[in-house]
Novice: 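Sharing a structure below in structure tokens format, with a few things to ask.
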Protein chains: 2
Amino acid sequence: MKPLVQLQEQVAEAVKNLHFPAEPADLYDPIRYTLNLGGKRMRPALVLLGSLSVGGKIEDAIRPALGVEVFHNFTLLHDDIMDNAPLRRNKPTVFARWNTNVAILSGDVMFAEAFRLVSEAPPAVLKSVMDVFLKAAVEVCEGQQWDMDFESRQDVNIDEYLNMIRMKTAVLLGASLEIGALCGGGSAETARHLYDFGCNLGIAFQLHDDVLDVYGDPEKFGKRVGGDIVANKKTYLKLRALEKAGAEEKVALQQWYSGKPSDEEGKISAVRALFDQLEVKQDTSTLMNDYYRTAIDALRNASVLPEYEKALIAFAQNLMERES
Amino acid sequence: MKPLVQLQEQVAEAVKNLHFPAEPADLYDPIRYTLNLGGKRMRPALVLLGSLSVGGKIEDAIRPALGVEVFHNFTLLHDDIMDNAPLRRNKPTVFARWNTNVAILSGDVMFAEAFRLVSEAPPAVLKSVMDVFLKAAVEVCEGQQWDMDFESRQDVNIDEYLNMIRMKTAVLLGASLEIGALCGGGSAETARHLYDFGCNLGIAFQLHDDVLDVYGDPEKFGKRVGGDIVANKKTYLKLRALEKAGAEEKVALQQWYSGKPSDEEGKISAVRALFDQLEVKQDTSTLMNDYYRTAIDALRNASVLPEYEKALIAFAQNLMERES
């Protein structure tokens with residue numbers, strides 16, 4: 001059995017070996033740059049795991065796996081323009097290092113290259129793999145649009161938030177496993193159960209992220225604890241707090257979340273105290289565990305090799321216990 | 001037999017019937033807006049013509065035809081951001097009417113929808129259709145990048161220019177016919193000949209456009225005659241003139257083409273006089289006719305129904321004789 005970490009290393013090697021033309025340099029240099037920024041290669045490793053778990057081979061799924069990784073990096077490249085982000089993995093973003101036009105067009109080519117790689121799925125499952133991939137690709141864009149819309153809206157409710165993180169983050173994790181299972185010769189049903197496993201796990205993963213932002217260990221978290229609070233970002237904890245708050249707490253929350261404070265650490269402490277008072281960390285854990293259990297139930301319904309079922313559960317547990 | 005104009009009308013109807021979700025509005029309204037701006041629907045009509053010409057049906061090719069049209073409109077949407085263009089077909093561009101972020105993301109979704117439509121090609125030819133489409137899609141992006149690169153380069157030679165217009169304009173015309181022929185059950189060889197027909201014709205079409213910009217009838221041209229000259233745009237006529245010019249003419253050309261003149265009509269007349277002197281209109285016609293003949297030769301090698309061979313030749317002649 002191949003553990004996930006070994007698959008991630010194998011994908012990382014395969015990404016290095018992807019070949020792009022030398023010219024036009026302003027089109028292909030940013031693509032090479034983006035793909036060399038690193039990353040955990042989680043999604044393509046899940047594609048391979050999907051194939052192996054139904055008895056398929058790595059070769060059945062490696063090209064679509066690379067396609068999913070190129071797609072994911074394309075979304076980051078275009079998101080960085082939209083978010084006006086200067087840095088990604090501590091290096092200048094393409095948009096900052098080159099310019100907006102270069103970032104738009106090299107992103108477009110990455111999207112096309114992603115499709116090309118995904119279209120190298122085994123011919124017998126090509127149409128179903130394309131369908132899964134395209135649905136996820138459109139939903140990721142929809143998720144990004146909702147996320148941008150939410151920045152200027154004051155009436156975002158929890159269902160809308162959960163739907164946004166499902167689309168922006170979770171569906172691609174689910175689609176990765178489903179594509180892998182289809183490539184490896186699994187039934188459409190099992191592939192769909194693996195999608196549900198990945199998608200529910202993805203939502204739990206994002207909720208866990210929301211908790212870590214407020215309650216993470218600064219030594220381990222990697223990002224600044226309280227960063228979402230300082231940035232007035234809508235998270236599950238914030239929306240749940242607003243939902244539970246009494247009149248006074250609501251006013252306090254709304255005041256802290258309006259504008260930029262002079263004392264950022266003071267704001268973080270105050271908001272955290274309100275969250276504690278309203279017990280939203282517990283609520284988030286409860287909801288996270290619901291999604292986690294739904295994910296595991298979906299996995300139980302999938303016809304996968306026992307050792308890979310164990311590997312997928314271990315992967316899920318790791319995600320839920322991570323501190324960074 | 002269906003004449004091209006009837007196919008264009010049929011495609012125009014089918015474009016109107018494409019359905020997109022209501023929300024997120026900032027993602028899908030711009031797509032509806034873009035597809036409703038109109039246009040000749042030339043490329044999808046060529047996809048249908050490709051299918052019919054090998055004895056296939058319209059239904060075999062209509063979805064990929066729509067995919068090609070959505071793709072073409074996606075490239076216009078993103079090009080308008082890069083070119084900072086306020087208007088398209090006399091209406092505000094998406095980027096101008098909404099904003100850059102909306103134009104980027106709705107373009108991305110159009111690209112995905114284009115793939116989805118193309119992936120509805122008949123299963124037996126799906127992989128070959130995807131290959132043709134993806135190669136053309138990447139080349140269109142490469143063409144756009146070269147076009148942008150050429151703006152700031154003084155050493156562009158004629159071969160580079162011809163290669164740029166081949167990628168930016170011609171390959172998608174060729175790919176449209178090839179995709180149609182594959183969907184309609186034509187052989188790979190015939191489909192490739194139709195690609196060569198469309199691609200060579202596309203280069204001739206662009207050269208004809210370069211001529212019309214300088215020598216077109218202002219009453220019929222639709223755009224401003226001399227627009228490329230005022231904008232210092234590199235065209236075949238300009239590059240050929242620079243190639244043939246003696247020392248004095250070269251200096252004169254370079255002076256006219258540097259910066260923005262106070263007297264635009266004076267510049268147009270002066271540059272046109274230099275073009276006349278150097279006989280570059282004749283050279284362009286000669287080259288255009290070479291590409292036209294190569295296109296017709298390719299068509300002769302394709303196994304197409306006689307009445308559609310005639311229709312394709314009539315289409316080619318129309319393109320060469322058009323005055324707008």
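Just so it is clear, the structure is predicted and the values come from calculations on it, not from any experiment. A note on names: the letters A, B, ... follow the listed sequences, proteins ahead of strands, and every chain is numbered from 1.
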Novice: Only pairs of heavy atoms separated by less than 4.5 Å count here; which of B/Glu113, B/His78, B/Met130 has the most with chain A?
Specialist: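 If we count pairs closer than 4.5 Å to chain A, B/His78 comes out on top.
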
Novice: Please classify the contact between B/Asp149 and chain A as side chain, backbone, both or neither, with a heavy-atom cut-off of under 4.5 Å.
Specialist: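 B/Asp149 touches chain A through side-chain heavy atoms alone.
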
Novice: Measure A/Phe74 against the heavy atoms of chain B and call it side chain, backbone, both or neither at under 4.5 Å.
Specialist: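 A/Phe74 touches chain B through side-chain heavy atoms alone.
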
Novice: Would you confirm whether the ring centroid of A/Phe71 sits within less than 6.0 angstrom of the ring centroid of A/Phe111?
Specialist: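 Ring centroids of A/Phe111 and A/Phe71 are less than 6.0 Å from each other.
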
Novice: Quick check on the interface: out of A/Gly107, A/Ser106, A/Cys141, who has the most heavy-atom pairs with chain B under 4.5 Å?
Specialist: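 Option with the top pair count is A/Cys141.
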
Novice: Do B/Ile179 and B/Cys183 come within less than 4.5 Å of each other through their side chains, counting heavy atoms only?
Specialist: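 Contact flag for B/Ile179/B/Cys183 side chains = yes.
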
Novice: Would you mind reporting whether A/Arg88 and A/Leu76 have side-chain heavy atoms less than 4.5 Å apart?
Specialist: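 Yes, their side chains come closer than 4.5 Å.
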
Novice: Measuring heavy-atom distances to chain A, does B/Tyr28 have an atom under 4.5 Å in its side chain, in its backbone, in both, or in neither?
Specialist: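 Looking at B/Tyr28, just its side chain touches chain A.
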
Novice: Within the supplied structure, the quantity of interest is the number of heavy atoms (other residues, nucleotides, ligands) at a distance under 6.0 Å from A/Glu243 CD; does it exceed 12?
Specialist: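 Result for CD/A/Glu243: enclosed.
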
Novice: May I ask you to establish whether A/Arg153 and A/Phe150 are in a cation-pi arrangement, using a distance under 6.0 Å from NZ or CZ to the six-membered ring centre and at most 45° from the ring axis?
Specialist: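 Checked: cation-pi criterion not met.
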
Novice: Any heavy-atom pair between the side chains of B/Lys234 and B/Met164 that's under 4.5 Å?
Specialist: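 No, every pair of side-chain atoms sits at 4.5 Å or beyond.
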
Novice: With chain B, which of A/Leu105, A/Leu134, A/Val138 has the greatest number of heavy-atom pairs at distances under 4.5 Å?
Specialist: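 Most pairs with chain B among the choices: A/Leu105.
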
Novice: Please rank B/Val109, B/Leu126, B/Val140 by heavy-atom pairs under 4.5 Å with chain A and give me the top one.
Specialist: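 The answer is B/Leu126.
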
Novice: Please look at B/Pro123 and chain A and tell me whether the side chain, the backbone, both or neither of the residue comes under 4.5 angstrom of a heavy atom of that chain.
Specialist: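 B/Pro123 has no heavy atom closer than 4.5 Å to chain A.
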
